[in-house]
Every structure is written in C-alpha cells, then in structure tokens.
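Here is the structure we will look at, set down as structure tokens.
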Amino acid sequence: MKRVVILAVALLALAGGGAWYMGLLTGPASRIDVAVTLYDTNASGNADLTREHIGDQATIWRWDRNDDGSGDVVAYDVGMDAEGQLVATGEIAAWDFGADGVLDSGRVPEALQELMRSPGYLASAQAAGPGNVELVDTSLREFVETLRGGYDDWRLSGFQLPVLGAKLPDADRLLPGARRAYRFGIHQGFDMYPGHVGVPTGYGAPVIAVKVGTVVRADTDYVELAAEEYDEAIAISQAAGTTPEAQLDQLRGRQVWIDHGHGVISRYAHLSGIAPGVVTGASVEAGAVIAFVGNSGMESASRGGNSGAHLHFELRIDGKYLGEGMSADEIRRVAGPLLGAAE
Ligand SMILES: [Zn+2]
C-alpha cells in the first residue's frame, strides 16, 4: 500500500511540477552523479546484483537472477520529496521484470524514465563504471530475498487450471511425484481424469491455456504409437530402471507446450486433437481452448482404443516440474492457489 501511495504522489507531482528535470535534459550543467556498485550475491565470482545511485534521487537495483549476464529484475527505490523532486526513499516503489514493464505498483515515475533517458544520466552512468565486485552482506542478502519473492509473486501469478472450473485431482497418485511403476518412473504432472477434478474431462473435452503465452510446441502432425512402439518404450524404461527422456516424450503422446516467459512453460499431453491456429509461434490468450483431451501415447491408444483418456498437465518452472521434491500435501498447498483451483 505504501508503495502505491509513494507512486501516486510521484505521478501527481509529475503532472504539476515535473519541470525540474527538464534542465537536466537541455542545460549544459546536466551532469548527474551516478555511483555504481556491483555485488556477488551467490559467491559465484560474478556480479549478479548492481546498485546504481542516481544522486539522491533514486536507487536502481538490477538483479541477474540466473547469472546469464543480464538484469532480469529491476527494482526502483524512488519517491518524491516535499519540493516535488525525485528522491530515494529506502522503499522499492516499482518493479520491472526483464524490462517488459510489468510492475508491482503501477509504473516507474515518468520523471525517472526521462531522467534515465537523459544524455546527462547516460554519460554519467557510463563514466561511473562498474568498480569492484563486493560480496553481499547480511542486510543485502535479505534484500535479495525480497527481490526474489517479488519476482516470483509476479511471474507465478495469473495462472488457472487447464480445464475450466476444475479442482486439483483428488487422489495423490494423480499428482506430480507419484510413482509410475509400469515405466519405472516418477509422474511429473497433474492427471485430470474424469471423476477426479469436479468437471468432465473425458475424451474430446476442451483444454484451455493456463495463462497468456506463446506456443513453443504443437504436435499437429502427430502419428499415434504403434503397439510395438509402445511396448518398446516400456521395455526400454524397464531395462533402464527409469523412463529415459525420449521414451517419456513418446508416452506423453500428442502435446502442446506454451511458454509463459521468465522460465515458465506449461505442457498438455495425451491430447486427442489440437485447436485450429494453435501452432508453434502462435500467441494464445489465457483461457483460450487450445486442444482436446485424449489418450494418445497410452497403451490403449496404441491398440486402437480410446479408453483411459485424461489430460496430463505439467507446469515447468526454471526447468523443474511444479511439485518436484514436494509431498502431496505441499503440492496441494502450493499448486491450488497458484493454479486458481476451485475448492
Ligand atoms: Zn500424467
């Protein structure tokens, strides 16, 4: 709430008295003090957190959450003082994840955006240089945790289950982490079987996108496994004592995968069909019908039948499946709210 207030004040002041920074853009005396400090938050030897003080006006934090060399999370500590000038307040006033402008509490004050585009700032930021990498101390570690929490709150919000009005499956064996003895494997998703999720999910039932995203896989040319191919996939898994990735992929049958950005991908499997227009590269809206429940990749399908139909659904977060390493109780506690499951 406090952040929202700070931001609202910033925007109001901008409308009335935002001219102070125009001098910075135009005047010759447009030098701005920019001090940059680099931190190594995970003792990897690389700087993954940057603090940029812009005079007393704002502090900008850039956190490279996956050590790929880019600041995926940008946090702004900025507010307005009594004179209507930008000041650092010690509070994070806005977030910008991956520079796509999704913010916690509105928008970065336009005054700050203008300031950051000004030649004075750009020149000063460049001149400031990176300096030495410092290891993060305890207080900053807490701050990084706050960044991490804010980031996850944002990127993991707005999901729904892939079947309209559904609940989480009512049996633990239908959750991630359940054993799949027939293929010596561990289940990585949620099995939405008819009679177990509160709404019909039989053969041909519509499957919806769990959030807006981009289709990164759609098996529109899928050919069902022959009985021998199915049997071979099982035999290989049993011999290996686990289900190798190639066999696991075969056994998921016809699939659609949607990339929701920031390391989150949803997968829909055993489909009987894919909705028109759902092709690799296509954008899909949250809740759009993308496919239809089926039994592809299952033994019954390889024998020409359509029994056993259900939707297998996975949410992959940073390469792990939702529920990985969790107990069934934990999964229900975490996944229920995350996926907007009906009670
Ligand atoms: Zn499954």
Side-chain angles (χ1 to χ4, degrees), residues 159-164 166-210 217-219 222 224-225 229-231 233-234 236-238 240 242-258 264-274 290-303 305-317 319-328 330-332 334-336 338-339 341:
F159 284 92
Q160 58 185 315
L161 275 168
V163 177
L164 207 58
K167 302 184 294 186
L168 289 182
D170 59 8
D172 291 354
R173 69 190 151 81
L174 305 179
L175 296 179
R179 285 186 184 287
R180 288 293 180 263
Y182 72 98
R183 58 173 174 81
F184 284 63
I186 300 289
H187 196 226
Q188 301 191 353
F190 298 82
D191 277 348
M192 312 293 282
Y193 269 97
H196 289 276
V197 294
V199 291
T201 55
Y203 200 99
V207 174
I208 60 176
V210 295
R217 172 172 173 174
D219 298 344
Y222 181 78
E224 188 50 66
L225 297 180
E229 289 176 299
Y230 176 87
D231 293 344
I234 297 298
I236 289 171
S237 300
Q238 291 185 347
T242 182
T243 321
E245 188 47 47
Q247 280 66 41
L248 191 57
D249 193 61
Q250 278 187 301
L251 297 171
R252 281 193 300 258
R254 182 189 277 112
Q255 301 172 59
V256 169
W257 296 6
I258 299 175
V264 185
I265 290 178
S266 55
R267 294 178 174 180
Y268 313 78
H270 300 316
L271 303 170
S272 62
I274 294 176
I290 51 164
F292 305 93
V293 172
N295 67 340
S296 55
M298 297 177 66
E299 183 175 15
S300 52
S302 76
R303 267 70 179 171
N306 62 5
S307 65
H310 69 283
L311 173 66
H312 169 100
F313 163 70
E314 295 174 16
L315 196 67
R316 319 281 308 189
I317 302 167
K320 288 175 140 193
Y321 58 88
L322 173 61
E324 194 162 343
M326 294 184 191
S327 70
E330 273 178 289
I331 290 170
R332 292 184 190 284
V334 170
L338 195 153
L339 296 170

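Atoms within a ligand are numbered from 1 in the order they appear, just like the ligands themselves.
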Legend entry - Atom of Asp191 closest to the Zn ion (ligand 1), considering N, O or S atoms: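 Looking at Asp191, the N, O or S atom with the least distance to the Zn ion (ligand 1) is OD1.
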Legend entry - Ion pair check, Asp249 and Arg267, cut-off under 4.0 Å: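 No salt bridge links Asp249 with Arg267.
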Inset, instruction - Could you tell me whether Glu245 and Arg252 have a side-chain N and a carboxylate O separated by less than 4.0 Å? - result: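 Yes, this pair counts.
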Inset, instruction - Using side chain to side chain contact (heavy atoms under 4.5 Å, CB included) as the criterion, list what pairs up with Ser307, not counting sequence neighbours. - result: Ser300
Inset, instruction - Check whether any N, O or S atom of His187, backbone or side chain, sits closer than 2.8 Å to the Zn ion (ligand 1). - result: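 Yes, His187 qualifies, because one of its backbone or side-chain N, O or S atoms lies under 2.8 Å.
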Legend entry - His312 near the Zn ion (ligand 1) via N/O/S, less than 2.8 Å: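 An N, O or S atom of His312 is closer than 2.8 Å to the Zn ion (ligand 1), so yes.
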Inset, instruction - Any salt bridge (charged side-chain N to carboxylate O under 4.0 Å, His left out) involving residues 175-185? Give me the pairs, sequence neighbours left out, ordered by first then second residue. - result: Arg180-Asp191
